[in-house]
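Presented below is the structure to which this report refers.
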Amino acid sequence: MLNMLCMDLRRLFRSRSFKIILLVTAVLILMVSMMVAIVSDPETLDDMSTQGAEIDEIDRQMSEEIRSMPQLDLAHETLGGGFLLIITGIGVTIFVNSDFSSGFIKNTCCAQPRRIHYVLAKSLAAGVYSGIITLLGVALILIAPYLFGMHPLPNSIPDILQYLFWMWLPHWAFALMALALVLLTRSSTLGIILSLVAGGGLTAVLLGTLGKLLHWPPLERYLLASIVKGVYIPQSGITQAGVILACTIVWMVIYGLAGLLAMEKRDI
């Protein structure tokens, strides 16, 4: 299994799709940070108002709130919406599906017939993949505001590292969802669609709406998109470590078993 993991990591770091994913992530985060800097600049609002745009007191209050946010508050306003979940899900889907589209999976399974080793190696590679995406996203979203003239209140290094760790865990679990879908369908289509839907929070919204109609408990809060949203609560700065850890482990087990069953039940 260790050899398979090393092989996967070498392929990952050399793959064009991985580099494109990193580039897209960086560009989008920089664009979002630039837009936030523009709308939070009082002089920009004044210029827009003189040019005929409708700028009311609510817009100015929002601009003031953005300028007074600490680093992690400002960062989580972007990352808490599931942006990195979507990027991670799509990236892992493309990476794993390349084994099937190229026929490389046949060579791998001939060299290592025990398919549990394949699933475990891919799960660990998905952890590395999600870790790199999370590290890049958090690092850029913390640094980018300073590049565009904003000066959010800095958080301590331990707080930033804690935020990074608790963000990484649900993203790893989400990567395993993408892995399981590829192993089940042998296609990237469903994985990409569900990455967009689930990562963006639409699944949580639909489940929450259905739960209210049927008087269910709030199950949507245990979905990974909701877990990511609750990693850092700007109003109180609370990190719900126990909930994050428990939900991450449960979803990892579910998706890991689903991927293993998919590999065992279908011929290569």
Exercise. Do V182 and F95 touch side chain to side chain, with heavy atoms closer than 4.5 Å?
Worked result: no
Exercise. Does the side chain of I29 reach to within under 4.5 Å of the side chain of T78, using non-hydrogen atoms?
Worked result: no
For this session: Tell me whether V205 is reachable from I193 by hopping between hydrophobic residues (I, L, V, M, F, W, Y) whose side-chain heavy atoms are closer than 4.5 Å.
Result: no
Exercise. Is it the case that more than 12 heavy atoms not belonging to F148 sit under 6.0 Å from its CZ atom?
Worked result: yes
Problem set entry | Cluster link V197 to M177, ILVMFWY, side chain under 4.5 Å | no
Problem set entry | Shortest non-hydrogen separation from H171 to V228 and the atoms involved | CE1-CG2, 3.8 Å
For this session: Kindly indicate whether the side chain of P145, heavy atoms from C-beta on, has any atom under 4.5 Å from the side chain of P152.
Result: yes
Problem set entry | Heavy-atom side-chain proximity of L72 to L142 below 4.5 angstrom | yes
Exercise. Can you tell if the side chain of S130 reaches within under 4.5 Å of the side chain of W168, non-hydrogen atoms only?
Worked result: yes
For this session: Using the rule that two of Ile, Leu, Val, Met, Phe, Trp, Tyr join whenever any of their side-chain heavy atoms come within less than 4.5 Å, decide whether M35 and L147 are in one cluster.
Result: no
Exercise. So, do L74 and V36 sit near enough that their side-chain heavy atoms are less than 4.5 Å apart?
Worked result: yes
Problem set entry | Side chain to side chain, W172 and L124, heavy atoms closer than 4.5 Å | yes
Exercise. Quick one: are F100 and L183 in side-chain contact, heavy atoms under 4.5 Å?
Worked result: yes
For this session: In sequence, state the C-alpha distance, the side-chain angles, and the governing distance for Y129 and F18, and then conclude on ring-ring contact (aromatic ring centres under 6.0 Å, His included).
Result: CA-CA 9 Å; Y129 199 115; F18 179 62; 5.0 Å; yes
For this session: Say whether V253 and L120 are linked into one hydrophobic cluster, either directly or through other cluster members, by side-chain heavy-atom distances under 4.5 angstrom.
Result: yes
Exercise. Is any side-chain N of the basic residue among R11 and D99 closer than 4.0 Å to the acidic one's carboxylate O?
Worked result: yes
